[in-house]
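Notes for the one structure printed next.
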Amino acid sequence: MSEWLTDAGGPGFAHTYRVEEELYRGRSDFQEIRVIRNADFGRMLVLDDAVQTTQRDEFIYHEMLAHVPLLAHPAPQRALIIGGGDGGLLEEALKHPLEAAVMVEIDRQVVDVTLRFLPEIAGSAFDDPRARLIIADGIRFMREASDPFDVILVDSTDPKGPAVGLFSEAFYADARRRLRPGGLIAVQSGSPLYQQDLIRLVRTNMGKVLPHISTYLATVPTYPGVIWSFTMGATGGDPTRPSEEDVARRTAGLDLQYLTPAVFRGAFALPPFIARDLGIAG
Ligand code: SAM
């Protein structure tokens with residue numbers, strides 16, 4: 001009998017993956033960490049039974065959470081990543097000509113296990129002289145640190161345990177204080193099929209401290225429900241409309257596998273059933 005991993009989505013469905021091999025299983029102070037191998041998705045990082053990233057489709061989520069906000073800013077120099085232990089987002093962010101990228105991850109074991117079993121996800125990002133890894137609670141870091149940033153990216157687990165506060169108004173208010181003029185924050189905001197309440201909460205909480213809120217979508221096969229949302233808040237101006245020429249110029253040579261100028265534009269085009277559920281005018 002083969003073993004299957006079940007990653008629950010909404011109350012009535014789950015994605016399930018046959019476990020060809022279990023490469024690692026351990027418990028950190030924060031979560032259960034597993035690395036398994038699946039015939040279709042390759043090696044998969046799983047935290048508390050929720051698939052975080054896989055060899056087959058990691059680029060989709062990481063490209064969309066890194067490049068959309070970084071391109072929405074005209075000239076980002078300093079980026080902050082909260083969470084993101086697998087290093088995939090850091091690797092994408094460092095493709096831009098940043099001065100510095102700081103990553104604040106609460107769980108060192110996620111970083112160590114991913115570097116050991118899925119090293120290609122971070123590539124050499126952690127060795128980049130512009131990168132700095134801080135092992136700490138991102139909520140506390142945001143409250144106490146004083147360094148300024150142009151773009152803040154929140155690559156968190158779902159709002160459970162230590163990640164709950166990453167979706168709160170207080171956290172976004174602290175993030176707002178860290179942003180330089182023209183700065184942006186972008187977060188993964190869950191599934192538009194069964195986490196509409198979460199997306200609405202993020203939009204409401206962010207909207208209390210930032211004037212311009214936009215939600216965009218990507219297709220991530222291993223996140224339950226497949227259609228995934230990201231929400232971005234900007235200190236001013238419409239961040240969704242850099243010209244196609246700008247996106248093409250700034251992504252030339254980055255070797256992206258998902259994001260193109262047309263995908264960038266289309267990601268903000270919310271299908272009517274999603275816009276309606278989120279109460280966003282179409
Ligand atoms: N892409 C993933 C997804 O949406 O499923 C998220 C991947 S990343 C591995 C999520 C990371 O957020 C985890 O490593 C977890 O330890 C980290 N995390 C959760 N709460 C945190 C907090 N308060 N501060 C910093 N990192 C946190």
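Every number for a ligand or one of its atoms is a count from 1 in the order of the listing.
- Checking each of E22, E21, E20 against R37 for a side chain to side chain donor-acceptor pair (under 3.5 Å) leaves exactly one that passes, namely E21.
- Annotation: side chain of V68 is in contact with side chain of L259 (closest heavy-atom distance under 4.5 Å).
- Partner of R178 under the side chain to side chain contact (heavy atoms under 4.5 Å, CB included) criterion, out of I185, I152, D150: I152 alone.
- The protein residues lying under 4.0 angstrom from ligand 1, judged by non-hydrogen atoms, are Q31, L47, V51, Q52, Y61, G83, G84, G85, D86, V104, E105, I106, D107, V110, A136, D137, G138, I139, D155, S156, T157, P162, A163, L166, Q188, Y223.
- Sorted by first and then second residue, the ring-ring contact (aromatic ring centres under 6.0 Å, His included) pairs with a member in residues 49-78 read Y61-Y223, Y61-F230, H67-H96; sequence neighbours excluded.
- Ring geometry, Y194 versus F13: the interplanar angle exceeds 60°, so the pair is classed perpendicular (tilted spans 30 to 60°).
- By the 4.5 Å heavy-atom criterion applied to side chains, F167 and L198 are counted as neighbours.
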